[in-house]
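All values below were derived from every heavy atom in this structure, side-chain atoms included, with hydrogens, water molecules and symmetry-related copies excluded. Computed from a predicted structure; not experimentally measured. Quick note on labels: first sequence line is chain A, next is B, and so on, each numbered from 1.
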Protein chains: 2
Amino acid sequence: MQENARFSGKAATRRTDIRRENERLILTAAEKVFAEAGFGGATMQLIADMAGLPKANLHYYFATKEDLYRRVVQEIFEIWLDAAASFDAASTPAEGIGAYIEAKMAISRRHPHGSKVWAAEVMQGAPVIQDYLETTLRDWTDNRARVIQGWIDAGQMAPVNPRHLLYMLWATTQHYADFGHQIETLNGGAPLSDRQWQEASETVKTIILRGVGLG
Amino acid sequence: MQENARFSGKAATRRTDIRRENERLILTAAEKVFAEAGFGGATMQLIADMAGLPKANLHYYFATKEDLYRRVVQEIFEIWLDAAASFDAASTPAEGIGAYIEAKMAISRRHPHGSKVWAAEVMQGAPVIQDYLETTLRDWTDNRARVIQGWIDAGQMAPVNPRHLLYMLWATTQHYADFGHQIETLNGGAPLSDRQWQEASETVKTIILRGVGLG
DNA sequence: CCACAAGCTGACCATTTGGTCAAATGAAAT
DNA sequence: ATTTCATTTGACCAAATGGTCAGCTTGTGG
């Protein structure tokens, strides 16, 4: 009874559980508020209300608003990095690019808030995650660009600038998260259905794969 | 001497010139500040400083921060609508889509701030321009989707969902403005050169045109 | 059961910010 | 020249906000 003290829907009692769950509660609320209001427009009070906690409690777990924000940005970044696995695991260009598009589309659907927070952060010049861009993201990009160039050199796909291809992949997939509201409005005010998400994913995949000579 | 009282680099003296020039000064500063800080992070003081005017003067020309913001968003929207001309004027799908991509890429380069402001506005649920989405943008989109569908029905291009194709065009072109900072970082910290912009435009055009069977 | 540490929170504060206003200045019509 | 109205701006204010803190409650190891 010492392990796994929590079950059912009851709140956690163990110290470690309390911390972990409250941090999760706060991070989830923060992700949404930062996405909907931007860093400047978000208020700790709003995040607290959404998390169902007193504002002072937020500052117990996260010293400053910026600390909280940084954590939110880091999380979506790590989720995206994981999606690279689908790219790397592939044995053919079509498979790799196709799987990557599907993975990123799935993330856009599941983590639209995080995607927006990242987008806003980058749009504002990446004031808090510039180092990530210069280290992790740069390495990631260089490596994948090299892989793509290898495919091109081997005659496995059409010769296109690998970097711009990567930008296209990011742009098209993240667009469904970042501009989800616009898409929803143009869809008659309704969120895309399962079927429509499938169609979006297929269309992006079809056009890009055929676009790089893999159709 | 009553007409055209202004010349050289001197400040305007005529009433109408004063108003027009100060509004332009403020709007240009506001566009940049809103893009770099978001609506919530932007302050009237910052905009005033950048425009070189006292804050109270801003409120003389624009009653509220939101009024000023709305004008900035409207401007980029109109610039984009104008780009539709290149789409409509074309006689073939390849020409229309190609010209539209080039026009939108040019706008991304020339008006990166406006693009970012629009992106942030949409990401936050379009609180101030929702009506534009539901009227002007919806009509625009419906019409172009119909044109594209016509091309498909006539066997002039591959069958792809016209709406998702439009989203791809928006996503890929605007990405170069909205994520310009990220691209610049991945480019070794330097902005894209003329040549690189050209290459970006060509790559996007090549992949998408070939992707819809127009390669 | 006790003592200590972790977790919680209402009340409070200094600062920032959007917006106001009255008085001053400048342009231009009569 | 005089009047009128647009323009300018320093000073000011009420509200909001990030953050602090002292004191309280609760979990937990001994």
Side-chain angles (χ1 to χ4, degrees), chain A residues 1-7 10-27 29-30 33-34 36-73 127-128, chain B residues 1-7 10-27 29-30 33-34 36-73 117 124 127-128:
Chain A
M1 188 67 172
Q2 192 172 23
E3 291 278 278
N4 208 344
R6 188 170 44 75
F7 49 96
K10 261 341 208 176
T13 48
R14 288 195 329 187
R15 281 269 154 86
T16 61
D17 287 346
I18 289 175
R19 174 164 283 271
R20 186 156 39 80
E21 291 193 6
N22 279 344
E23 284 185 353
R24 177 52 40 203
L25 208 59
I26 294 168
L27 283 168
V33 173
F34 281 133
E36 290 174 351
F39 178 81
T43 70
M44 293 298 274
Q45 187 62 62
L46 215 63
I47 297 172
D49 291 347
M50 182 152 298
L53 297 172
K55 192 185 68 165
N57 209 349
L58 264 64
H59 281 101
Y60 175 72
Y61 287 105
F62 300 91
T64 68
K65 185 184 176 184
E66 192 177 313
D67 283 343
L68 179 52
Y69 174 76
R70 192 192 312 270
R71 281 282 300 271
V72 171
V73 176
V128 318
Chain B
M1 187 66 171
Q2 191 173 25
E3 291 277 279
N4 207 344
R6 188 171 43 75
F7 50 97
K10 261 341 209 178
T13 47
R14 287 196 329 190
R15 281 272 156 80
T16 62
D17 287 346
I18 289 175
R19 174 165 284 271
R20 187 157 38 81
E21 291 192 6
N22 279 344
E23 284 185 354
R24 176 50 44 202
L25 208 60
I26 294 168
L27 282 168
V33 173
F34 281 134
E36 290 174 351
F39 178 81
T43 70
M44 294 299 273
Q45 187 62 61
L46 215 63
I47 297 172
D49 290 348
M50 181 152 298
L53 297 173
K55 192 184 71 166
N57 210 347
L58 263 65
H59 281 101
Y60 174 71
Y61 287 105
F62 300 91
T64 69
K65 184 184 177 184
E66 192 177 314
D67 282 342
L68 179 52
Y69 174 75
R70 193 193 311 271
R71 281 282 299 271
V72 170
V73 176
V117 176
Q124 297 182 11
V128 319

Give a yes or no answer on whether the side chain of A:Lys65 reaches the backbone of A:Phe39 with a donor-acceptor pair at less than 3.5 Å. yes

Students often get this wrong, so: under 4.0 angstrom with heavy atoms, is B:Ala42 touching a base, only sugar-phosphate, or nothing? sugar-phosphate

Just the rounded figure in Å: distance from P of D:dG18 to OH of A:Tyr69. 14 Å

Give a yes/no on whether any side-chain N or O of B:Tyr61 is located under 4.0 angstrom from OP1 or OP2 of D:dA6. no

C:dT20 C1' sits how many Å from B:Phe62 CZ, rounded? 18 Å

Do the rings of B:Phe34 and B:Tyr69 sit parallel, tilted or perpendicular, given the 30° and 60° boundaries? perpendicular

From C-beta outward on A:Tyr60, which listed nucleotide comes closest to its side chain: D:dG19, C:dA6, D:dT8? C:dA6

One should read off an interatomic distance between A:Phe62 CZ and A:Met44 CE, to the nearest 0.5 angstrom, of 8.5 Å

Check: A:Leu46 and A:Met50 side chains under 4.5 Å, non-hydrogen atoms: no

Going from CG on B:Asp17 to CZ on B:Arg24, what distance comes out if it is rounded to the nearest 0.5 angstrom? 14.0 Å

Side chain of B:Asn22 - closest among C:dG18, C:dG7, D:dT8: D:dT8

Five-pair end axes of the helix from C:dC1-D:dG30 to C:dT30-D:dA1, angle between them (10°): 10°

Could you state the atom-to-atom distance from CD of A:Glu21 to P of C:dC8 in whole Å? 11 Å

Is there side-chain contact between B:Tyr60 and B:Arg19, with heavy atoms separated by less than 4.5 Å? yes

Starting at atom CE of B:Met44, determine the distance to atom P of D:dA16, rounded to an integer number of angstrom. 18 Å

Between D:dT17 (C1') and A:Leu68 (CG): distance, integer Å: 15 Å

Quick one: B:His59 NE2 to D:dC13 P, roughly how many Å, whole number? 17 Å

How many angstroms lie between atom CG of B:Leu25 and atom CD1 of B:Ile47, to the nearest 0.5 angstrom? 12.0 Å

Name the residue closer to the 5' end of DNA chain D, choosing between B:Arg19 and A:Gln45 according to the nucleotide with the nearest heavy atom. B:Arg19

Are A:Leu27 and A:Leu68 close enough that some pair of their side-chain heavy atoms sits under 4.5 Å apart? yes

Between C:dA27 atom C1' and B:Asp17 atom CG, what is the distance in whole Å? 13 Å

From A:Ile26 atom CD1 to A:Tyr61 atom OH, the distance as rounded to the nearest 0.5 Å: 7.0 Å

Over how many whole Å does the gap from B:Glu23 atom CD to D:dA6 atom P extend? 14 Å

Strand contacts (DNA chain D) in residues 50-58 of chain B, 4.0 angstrom heavy-atom criterion: B:Pro54, B:Ala56, B:Asn57

